[in-house]
*Asks:* 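Handing you a structure now.
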Amino acid sequence: MNHMSFADFVRQINGEGRCLVSAEDSFNVTEACLRTLMSADEKRDVRFE
C-alpha cells in the first residue's frame, strides 16, 4: 500500500482532507472482483446490472 494513500485516508477521517479513491469507487471495484470470482466458479457470464 502506498504511504501517501494511507496518509490521505487518515486526513479524511480527521476531517482534514479527501482520499484519492472514494468509498463508492472502492465498492464498485469490490463488486467487480466478486462477480469475476462468481463467473469463474460458475463457468458463466455474470453481468453488472
Side-chain angles (χ1 to χ4, degrees):
M1 174 179 247
N2 180 327
H3 291 289
M4 286 303 295
S5 296
F6 185 73
D8 290 338
F9 171 73
V10 172
R11 279 193 288 276
Q12 181 166 339
I13 289 174
N14 291 328
E16 300 167 355
R18 293 192 55 156
C19 285
L20 296 175
V21 178
S22 71
E24 182 177 0
D25 287 343
S26 296
F27 292 139
N28 289 337
V29 169
T30 300
E31 180 180 13
C33 291
L34 292 172
R35 288 179 183 270
T36 300
L37 290 171
M38 183 186 303
S39 176
D41 288 346
E42 298 176 7
K43 296 177 177 45
R44 67 181 183 90
D45 290 342
V46 176
R47 301 190 183 274
F48 285 86
E49 297 177 22

*Asks:* Testing E16, Q12, R11 for side-chain contact (heavy atoms from CB on, under 4.5 Å) with N14, which one passes?
*Replies:*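 Exactly one option meets the side-chain contact (heavy atoms from CB on, under 4.5 Å) with N14, and it is E16.
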*Asks:* Take D25 and S22, measure what side-chain contact (heavy atoms from CB on, under 4.5 Å) needs, and give me the verdict at the end.
*Replies:* CA-CA 5 Å; D25 287 343; S22 71; 3.3 Å; yes
*Asks:* Output the distance between atom CE (M38) and atom SG (C33), rounded to the nearest 0.5 Å.
*Replies:*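 With rounding to 0.5 Å, CE (M38) is 12.5 Å from SG (C33).
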*Asks:* Distance check, rounded to the nearest 0.5 Å: E31 atom CD versus T36 atom OG1?
*Replies:*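 Taking CD in E31 and OG1 in T36, the distance rounds to 10.0 Å.
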*Asks:* Spell out, yes or no, whether F48 and L34 are grouped together once hydrophobic residues are joined by side-chain heavy atoms under 4.5 Å, including indirect joins.
*Replies:*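 No, F48 does not connect to L34 through the hydrophobic network.
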*Asks:* What I'd like to find out is whether the side chain of R44 reaches to under 4.5 Å of the side chain of V46, using heavy atoms alone.
*Replies:*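 Yes, their side chains come closer than 4.5 Å.
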*Asks:* Around E24, counting heavy atoms of other residues, nucleotides and ligands shown, do more than 12 lie under 6.0 Å from its CD?
*Replies:*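 For E24, atom CD is not crowded (no more than 12 foreign heavy atoms under 6.0 Å).
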